Every structure is written in structure tokens, then in C-alpha cells.
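All figures in this text were calculated on a predicted structure; none of them were measured in a lab. We count residues from 1, following the sequence as given.
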Amino acid sequence: MIRVKVAGSEPEREDAFSVRKMVFVEEQGVPLNLELDEHDASAAHFIVYSDDQPIGAGRIREITQGVGKVERVCVLKDFRGKHLGNLIMHSLEEYALKTGMHKIILNAQSYAVPFYEKLGYIVTSPEFMDADIPHRAMEKMITQ
């Protein structure tokens, strides 16, 4: 059974971190000190579980009044192509609305821009490098 939940305990946060480490650190070569950062303490972390196995993650944090920043959205390689990214993003957006956010911004890896565009996000920047990976800033206004 596939389910998404907001991390409500330290073990669930660790589940999210383990998925992020596998995708960003091991697979993409992002240094661990850049992947796990000072924003982890204040962000809401989301985990996708297949039964009890963590297979996807993402986080959101309010950066200014009503504006959320989505970060660290990822799915383990063996589970990609199953619309789990959509599931994570819809969960993040629902959470954002419930907590008073009306706009979401994110920095998408450039290859993932079409994925976010299909969800209604628009590109707001030229390409830039982050952790030696090309990115584009994107945003979306959200409403109920």
C-alpha cells in the first residue's frame, strides 16, 4: 500500500533523510553537508511509504508570510515512473493551503522542469548551478 504522510516523529524524519541521502548524495553526488541543512529543523517533511518502506520524500517551509518553498522532492530509482512525484507535490500543496500559504516556490533540477510545468509551475529564472547541478527557479499560486 502506497501512502504519504507528514513526519510526526524522529524515526519518520530519519526515513525522509534516508531517501534523500540515497537519491541526492549516493545517486547524484551532492555532498551530505549540502543535502542535510539548517532548514531541516524548521521544515515539514513528507515521506512516501510502500507498506513500511520509505520510497519518496519532500519538504516544505514557509519562507515569508504566505510563501512556501518546496525542496528535496525525490523518489527512489526503483519506484520512479509511478506518479509518486505527483503524489508528493499534491500532498505538499494541500499542506501549504491548510497552513495559510498561497504561493509555492521551488528550485527544480533543469531536467525536472517539464514535470513541474505539468503541475502548473512556471519558470521564473534563467538556469543556475546548485551543488554542481543545473536548476531553474519556479513558482505557482495555489488556491482551494
In terms of hydrophobic clustering (I, L, V, M, F, W, Y; side-chain heavy atoms under 4.5 Å; direct or indirect links), are L119 and V73 co-clustered? yes
Donor-acceptor pair, distance only, cut-off 3.5 Å: does the side chain of E14 make one with the backbone of E10? no
Using a strict cut-off of less than 4.0 Å between a Lys/Arg side-chain nitrogen and an Asp/Glu carboxylate oxygen, indicate whether R136 and E127 qualify as a salt bridge. no
Got a second to check how far D52's CG is from M1's CE, nearest 0.5 Å? 8.5 Å
How far apart are the C-alpha atoms of K69 and V67, what are their side-chain angles, what is the distance that settles it, and do they pass the side chain to side chain contact (heavy atoms under 4.5 Å, CB included) test? CA-CA 7 Å; K69 186 168 188 183; V67 179; over 6 Å; no
Which heavy-atom pair separates S50 from I55 by the least distance, and what is that distance? CB-CD1, 3.7 Å
Indicate yes or no: at least one non-hydrogen side-chain atom of Y116 is less than 4.5 angstrom from one of V123. no
What I'd like to find out is whether the side chain of E35 reaches to under 4.5 Å of the side chain of N33, using heavy atoms alone. no
Before giving the answer on salt bridge (Lys or Arg N to Asp or Glu O under 4.0 Å), spell out for D40 and R20 the whole-Å C-alpha distance, their side-chain angles and the decisive distance to 0.1 Å. CA-CA 12 Å; D40 282 321; R20 288 170 43 190; 2.8 Å; yes
Name of the residue among E139, E93, E62 meeting salt bridge (Lys or Arg N to Asp or Glu O under 4.0 Å) with K103: E139
Any side-chain heavy atom of I142 sitting closer than 4.5 Å to one from K140? yes
Shortest non-hydrogen pair, M138 vs A108, comes out as SD-CB, 3.8 Å
Can you check whether V4 reaches H90 side chain to side chain, under 4.5 Å on heavy atoms? no
Lys/Arg N to Asp/Glu carboxylate O, K21 vs E26, below 4.0 Å: no
Salt bridge (Lys or Arg N to Asp or Glu O under 4.0 Å) between D51 and R3, worked out: CA-CA 8 Å; D51 296 317; R3 62 190 168 92; over 6 Å; no
Please determine if K5 and D15 form a salt bridge, counting it only when a charged side-chain N lies under 4.0 Å from a carboxylate O. no
Tell me whether H83 at atom NE2 has more than 12 heavy atoms from other residues, nucleotides or ligands lying less than 6.0 Å away. no
How about F46 and Y95: do any of their side-chain heavy atoms sit closer than 4.5 Å? yes
Kindly compute the distance separating NE2 (H135) from CD (Q109), expressed to the nearest 0.5 Å. 4.5 Å
Hey, could you give me the CD/CG distance between E71 and D37, rounded to the nearest 0.5 Å? 6.5 Å
From S91 atom OG to E94 atom CD, the distance as rounded to the nearest 0.5 Å: 6.0 Å
Please evaluate residues F17 and R72 with respect to the criterion side chain to side chain contact (heavy atoms under 4.5 Å, CB included), reporting the C-alpha separation (whole Å), side-chain torsions for both, the decisive distance (0.1 Å), and the verdict. CA-CA 10 Å; F17 298 159; R72 311 305 201 262; over 6 Å; no
Do you know the tightest heavy-atom contact between C74 and I88? O-CD1, 3.7 Å
Indicate yes or no for a side-chain donor-acceptor contact from R80 to the backbone of V75 under 3.5 Å, with no hydrogens or angles considered. yes
Just do the side chain to side chain contact (heavy atoms under 4.5 Å, CB included) check on I105 and V70 with the steps written out, would you? CA-CA 6 Å; I105 64 170; V70 166; over 6 Å; no
Value rounded to 0.5 Å, distance of CZ in F128 from CD1 in I133: 11.0 Å
Using the rule that two of Ile, Leu, Val, Met, Phe, Trp, Tyr join whenever any of their side-chain heavy atoms come within less than 4.5 Å, decide whether V23 and V25 are in one cluster. no
Mind checking the NE2-CZ spacing from H45 to R59? Nearest 0.5 Å is all I need. 6.5 Å
State yes or no: do V113 and F24 share one hydrophobic cluster built from I, L, V, M, F, W and Y residues joined by side-chain heavy-atom distances below 4.5 Å, directly or via other members? yes
Of all heavy-atom pairs between L106 and M89, which one has the smallest distance, and what is that distance? CD2-CE, 4.0 Å
Decide whether I104 and L97 are clustered together by the hydrophobic rule: side chain heavy atoms of Ile, Leu, Val, Met, Phe, Trp, Tyr closer than 4.5 Å, transitively. yes
Could you check whether any side-chain heavy atom of M22 comes within less than 4.5 Å of a side-chain heavy atom of L76, counting everything from C-beta outward? yes
Membership question, hydrophobic clusters at under 4.5 Å side-chain separation (ILVMFWY): are V48 and L92 in the same one? yes
Taking all atoms of both residues into account, what is the closest heavy-atom pair of A43 and R13, and its distance? O-NH1, 4.4 Å
Closest approach of I60 to A96 (non-hydrogen atoms, all atoms of both residues): CD1-CB, 3.8 Å
